[in-house]
Structures are given as structure tokens and as C-alpha cells.
K.L.:
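Can you keep this structure in mind? I'll have questions shortly.
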Amino acid sequence: MNPENGPADAVRIGEWLAEPSLNRLSRGDTVVHLRPKAMDVLALLARQPGLVVSRETIIDTVWAKEFIADSALASAISELRKALGDDPQNPTYIETIQKRGYRLMQPVVVGSTGAAIAPPPAAPTAPPRARSSRVALVAAAAAIVAAASVVGVLGRRQVPAEAVRLAVQPFENLGPAETAYFAAGITEEITAGLAAVPSLHVVVAGMATGRTAGSDATPSATAGGGASHVLSGSVRWAGSADPAGAVRITPRLVRTRDGATVWSRVYERSVKDVFAVQSEIAREVALHLDVVLTLDQASGLETAGTSDPEAHDAYLRGLYDASNLESAQDQLRAVRLFEQAAARDSAYAAPWVALARTNALVYHFGADRSPQRLAAARQARDHLAAIGPDRPEALVASAYVAFAEMRVADAAASIDAAGPGALHPFGRGFRADIARRLGRFEEALELYREWLDASPLRAAYVYEQMGATAGFLGRWDEADQAYQAAVALDPGRHNVYPARAHVVLLWKRSLADARAVLDLDPVESSGYQLCERWLLAICERDWSSAVALAAEMPPEGAWTAAQRVPTSLVLAETYRIAGDAEAARRAFEASRVTLEREVEENPEDFRRYGSLGLAYAGLGRRDDAVRSCQRARAMCPVTRDAVRGAFYLHDLALTHVMTGALDDAAATLEELLSGPHHPGLTPVLDLDPRWAPLRSHPAFPRLLALAGGEPRQTPAASAPLPAAAR
């Protein structure tokens, strides 16, 4: 079929014929109907094949003055890719240009002459992931569509009508890659100052640090959830990046209604004067937004900081590393940089706050639970308290330390006392974490929604946390939708796939559906995924596969913020339920030796005691097993940590089952299942063979109902475990 045989506006894009007036794509006998906005996006890209069209241009052209949800453009691109059969990881039609926009990669034939507009040669692309393109396409496309719809399901925070809404984009680094930290830090400090103004609602339209995962499917900043203005800018060093050198900062304030530049200026200053520049930019932005500042608010924009440019440089480098929340290595490197900044200028408050925060979180989440790490967080807190205990910086530092010490109510009180402007917009995540630890999961969900609203480019991480939080409440459908949104925005968030698989297992009680979710993951051997596949294998009584999966796990096993599980313990449980008593005994003994040594080295790390209790139970040492699990409960009770405390109830219940104390097991399980708890702790009582002894207990029907299940036939066991697998 030729373009001239269709409507006048028909164009051929690669193998496809696009008919914008009919909202239709066709290729041979295949016809796909698009939503009007998706077709409008394709038509706009087709007018400039091979050229990058910015997100801002697409939004302004296609949606004009309409108010759109943050995910509208991402949804349209997803729909186009799905219709065209395009793989976002290895595209042949629509390519995402990070932090720029999109470009059409295929030649376009327009009009009756059939003249082609050919795109310029494509830049080299990364090699495709090591899995089938078809599977990757189906996974990514389906997930992105789910992400677009889930925003409406999960809800968004409504901004007060009187607040001026400002989107802040990361200032562009125009120098070499190694200076990216400086542009990122400038963005963060300006954003923090503006966010402290009550009459401004600041939307962080990109992580200030530039370490955003999954920005490919993130909404345009100019949409900004209805932002009236966008602040962006660029940073260029004069010569090499030298803390004593000069730098050019060019901010730009744009009105989203018509794209007009409201204010712009070029600052060429010494790096030592950068604080004055940041303060002036913040004041100018407020002035041009017609925001009336009180004297206190105006003085709050004065970021005095430090007169030592090397201290400031070390602090900004530390911020850049600390922004990667999921890398312990980056967090520890950030601590060293903050220490350098604090050592050069002890009166410089920012690195001391960062030291309290980073050390506290490294300790809390388990990367280093040594007494020395907690002492370092306390030292930073005490330094700030000595300067002024009621200063917001000191109160924020106190909150982080209290959080690490499991004095979560005190952490909440300190944050409230510090005031709404004391935390950067990213700090809404900390408020949500506090609410979860206090067991206030509904409140946590709302705070995560606010964080999503204030920092859309962290959406993948925030959706993951929302999924886990909905799981605490047993709202499996909502949790599933949030997890789908997370991997739609960032397919590389590999922990989300097993988390979602477990939610699907609890919700639908289907081993096949859970495995189908795991199969969507581009990486097939992550530790968390191996654990979930192991669970599915033992539920199917496939002992050989369970042993093989356990053997694939790292020798050191799994470390989380709540548990330390050696691989030998997983093997021991497998052998035990498979009926190989001698192999189980050897593996339980190996676990005991490892865990006892670690407990002796760090007796305050409660994550080991539950696993040690299970090792004792496997060796028939009931009293030692119960004592160890009870110690974990005492050190981390649910009343002090509603997220982690329930893990030790689970370990205690399983210990009781293993040692034949079924009444105690039933009572402990009822306590666990009667309150909110991590979805990974909900036992699959009707399928998991570890709980089989309870199935004849009078309490079992009630326990199964609390766990959300219904009685069903237990899968038949596979052949006995072969000797070679032991």
C-alpha cells in the first residue's frame, strides 16, 4: 500500500503506514488503532526524523495548555513502542535520548511523490540484554502501560491552590564528566533553599545528583504536575575543575504556559563565591514568581556555608556519592568526603548533617552495624548540638541518629521540631520511613505519594517502596500495581521482580503466575530472585531444583536490613524437608558455626539471632533455638520497629514447628498474621512444606484465613533427592 492511496496526511515510517487523521497504523494485514495523543506524538516525531525532539516541545505541541498527569508522555511513548513492536532496550523506531527527548530512527516517506526524509546515522547503541528481544519487549511494554495507569489508582497529593508550583531541573554540566557532581550540588542547594519557602511548592524534576535510574520513562519536567514555571541552568568551569578556580553559572526561569523566559542571567564567579550566587539565584526566582518573602524567609535563602572552597568541593562530591542510596560502597565513600569537608571547616554545618545522616543510614540498613559506625553518627549530631541544639541542622541530625537507634518516635518529634523547610524535598522519603517504622502504614503511603509528587525522577524507587508498604497492609492488588510501575520506569530494579512475584503468589496462590513474574526479569541470578525461585521449587516439592538454586547463592548468603541468612542454612532447610537427615545435619552444623562466630564478633547485630535459632532447631537444640529467636525479638521488637520486628516472630514460629511445639507455633503465627507485617513474612501455609506439620492442627483453618489463603491440594513431591545433589 502506498501513502498516496490513503488519507492526505498518510506517511510511511519504516515498514508502517501511519494515517494520523484515522489514528491508525498498518503493516500488511496488521492494523493498530492508537489513541489520538499517541498519534499526535508520532506525527510530531515524523516531521523531524532523526532529530531529537525535546520532551518540552512534545508536551507543548501535543497537549498545549492542557493539564496532564506526569505519566502522559511516558504512556504515549509506551503505546507507540508497543504498536510498532519496538524494544526500548534496543530500539529501531523510537530512541530515548537521556535528559533530552526522543528521536524517530526510521526514514519517513511523505506525500504522493514518495520523497523520503531519511534520519541521520544513529549513534552506536549498547548491546541488547542477554535475553530474547520478544520477551524483553513484552515485559517492558506491558509494565510501562501498567505504570501509566497505576498513577490514577495509587493517587497523587493535591497541591494547595495558593502555592506557586516550581519545577527544578538539574543544572546541566557543560564540562567534563568528572565535574558533574558540582552542577548536581548547585542544583540541590538552590532547590533546598527554595523548598523552604512555604508559599512555594517545589517539584524536583530530576535528582539533583544526576544519579536517576529509569529516567527513560519519566514525565517531562515542564509538565511538572502542573508547575507554572521551570528553573533550569548550566554550569561550566573556566579551565579545569579546581576548588579555587572560576565557574560560570547560567540559570533560566521559564513560564510553562507559553515557554517564555521570565528571567535569565550569567554569573561568572570564583568558586569561593558560589554560596552568594546560590542565594542570589534563589532570591531572583522568588522575586520573579511574585512570592512575598518575610524577613526570616529571605534570610533563610542566605546559604553562608563555608569560606573554604575545598571544604565545599568535598561536600558536593560527597552528596553526589551519597545520592546513590542503594550502593553501600558509594555511601561509605561519601562519608570519607564529608569527613574531609568537616575537617577543613568545623563550623560548616552541611557536612556534619550529612555525616549524621549517612552514618546513621549505613548502620540502620546494615551495611555496617558496628558500634563505631553508630558512634560516628552520634559524634556528628553532638557537634551540631554544641553549636545550637535548636537549630534545624541539629534537629535533623538528631532525627537520623534516633532512627538508627530505633527511637523512631523521637526521630519523628525532632523532624517536626525542625520545621517543614529543614529537609530537602527528597527528605519526604525519610518521613515516610519513620511512619512505616512506627507502624503507620497508611500515613507512609500518603507520604510516599507526596515524595513522588515532589521528585518524579525518583519515581521508580518510590513506587517500589509503595508496593512494599501496600503489602504490609495485605492490599495485594495495590502492591502489584506499584511494583509494575517501578519496573516500568526502571526495568533494572531487579529486587522488584521477586517482591512482586511473592505478592502475586500470596494474592493468586498460583506458582505459575509467580514464576511468570520472575521470568520478566532481564537478570536471572540475583540473590533475591534465587531465594524466591527456591521457595517456588520447595512448594512444588522439586528437591533437586531447590538444592541447585541454593548452591547458586553466594557462599556468604544473604544480608538484609533484617536478616543474615547463610547459604548453608538454606541448604540445610532444603535437605530437611526433602528427607535427607544426615545432609541436613551437616549443613545446620555449618550454619551454627558461622553464625555463632559472627554473634561473638558483634553481639549487638540482632539480624543473626533468628537464623541462629533456626540452625539450633535443625540440630534438635530446642531451648537454645527459642532463646536465640526470643533475643532477636527483644532487641528489635515490633513496638520499636514495625518493619523488621516481625521477622523474628516468623523465625520463632518456624523454630516451634521444627521442634514439634505446634501449639506454640500456632500462637506465634497468629500473633504475626494479626498485625501488619512485611509481605515476605506471610507464610504460604497450604503450599510451603516447612509448615506441613501444622496442617492437622485445629488452628490451621484460622491461620490459613489470616494468611489470605484457601485450602487446596498439596503438590506431589518429586523423586527423592539424588545422592549426587547432596
Side-chain angles (χ1 to χ4, degrees), residues 1-88 91-97 100-119 137-138 140-152 216-220 222-223 259 488-489:
M1 181 177 182
N2 295 320
E4 59 268 26
N5 294 333
D9 61 351
V11 297
R12 183 171 295 283
I13 302 171
E15 300 177 342
W16 290 90
L17 180 70
E19 300 168 280
S21 61
L22 301 178
N23 296 321
R24 186 170 68 188
L25 285 173
S26 59
R27 181 179 62 183
D29 295 330
T30 302
V31 177
V32 180
H33 292 278
L34 297 174
R35 290 180 301 132
K37 293 299 185 186
M39 178 56 82
D40 290 344
V41 172
L42 181 61
L44 177 60
L45 295 175
R47 288 201 291 271
Q48 305 175 69
L51 299 180
V52 178
V53 183
S54 71
R55 289 182 169 90
E56 292 82 359
T57 298
I58 298 172
I59 293 286
D60 291 343
T61 304
V62 174
W63 281 272
K65 298 180 181 181
E66 298 175 31
F67 173 83
I68 67 168
D70 287 345
S71 58
L73 176 55
S75 177
I77 294 294
S78 171
E79 182 177 348
L80 290 174
R81 284 177 170 153
K82 185 175 181 180
L84 295 166
D86 206 16
D87 182 353
T92 57
Y93 277 88
I94 299 175
E95 181 182 17
T96 299
I97 308 300
R100 293 290 186 272
Y102 301 93
R103 79 181 189 104
L104 191 64
M105 303 170 69
Q106 293 287 335
V108 175
V109 177
V110 297
S112 59
T113 64
I117 304 175
L137 169 64
V138 172
I144 292 173
V145 171
S149 63
V150 79
V151 173
D216 178 33
T218 306
S220 164
T222 53
L489 297 172

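Since we're looking at a predicted model, the values are computed, not measured.
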K.L.:
Side-chain contact test, heavy atoms from C-beta onward, threshold under 4.5 Å: evaluate it for Gln106 versus Trp16 and give yes or no.
P.N.:
no
K.L.:
Mind listing the closest non-hydrogen atom pair of Val52 and Gly101 along with its distance?
P.N.:
CG1-N, 4.1 Å
K.L.:
Please find the pair of heavy atoms, one from Met39 and one from Pro20, that lie closest to each other, and give the distance.
P.N.:
CG-CA, 3.5 Å
K.L.:
Within the distance-only criterion (no hydrogens, no angle test), does the side chain of Lys37 pair as donor or acceptor with the backbone N or O of Val62 below 3.5 angstrom?
P.N.:
yes
K.L.:
Quick one: does Glu19's side chain have a donor or acceptor within less than 3.5 Å of a partner on Leu25's backbone?
P.N.:
no
K.L.:
List in chain and number order the residues that pass side-chain hydrogen bond (donor to acceptor under 3.5 Å, both in side chains) with Thr30, two or more places apart in sequence or in another chain; answer none if no residue qualifies.
P.N.:
none
K.L.:
For the atom pair CG (Asp86) and CG (Leu80), what is the distance rounded to the nearest 0.5 Å?
P.N.:
9.5 Å
K.L.:
Should Tyr93 and Ile13 count as side-chain neighbours, where that means a heavy-atom distance under 4.5 Å?
P.N.:
yes
K.L.:
Kindly compute the distance separating OG1 (Thr92) from CD (Glu15), expressed to the nearest 0.5 Å.
P.N.:
8.0 Å
K.L.:
Hey, what do you get for OG (Ser26) to CZ (Arg12), rounding to the nearest 0.5 Å?
P.N.:
7.5 Å
K.L.:
Where do Arg103 and Leu51 come nearest, in terms of heavy atoms and distance?
P.N.:
CB-O, 3.2 Å
K.L.:
Which atom names give the shortest non-hydrogen contact between Leu42 and Ala18, and what distance separates them?
P.N.:
CD2-CB, 4.3 Å
K.L.:
To the nearest 0.5 angstrom, please state how far the OG atom of Ser54 sits from the CD1 atom of Ile97.
P.N.:
12.5 Å
K.L.:
Is the closest side-chain heavy-atom distance between Arg24 and Leu34 below 4.5 Å?
P.N.:
no
K.L.:
Can you tell if the side chain of Leu73 reaches within under 4.5 Å of the side chain of Arg55, non-hydrogen atoms only?
P.N.:
yes
K.L.:
Given side chains that start at C-beta, do those of Thr96 and Tyr102 come closer than 4.5 Å, heavy atoms only?
P.N.:
yes
K.L.:
Can you name the nearest heavy-atom pair linking Pro88 to Pro91, along with the distance?
P.N.:
O-CD, 3.7 Å
K.L.:
Could you tell me whether the side chain of Arg81 and the main chain of Ile94 form a donor-acceptor pair under 3.5 Å?
P.N.:
yes
K.L.:
Taking Asn23 for its side chain and His33 for its backbone only, find out whether a donor-acceptor pair lies under 3.5 Å.
P.N.:
no
K.L.:
For Met105, does its backbone N or O pair with a side-chain atom of Glu95 as donor and acceptor, under 3.5 Å?
P.N.:
no
K.L.:
Taking the side chain as every heavy atom from C-beta outward, state whether Leu104 and Val108 have any atom pair closer than 4.5 Å.
P.N.:
yes
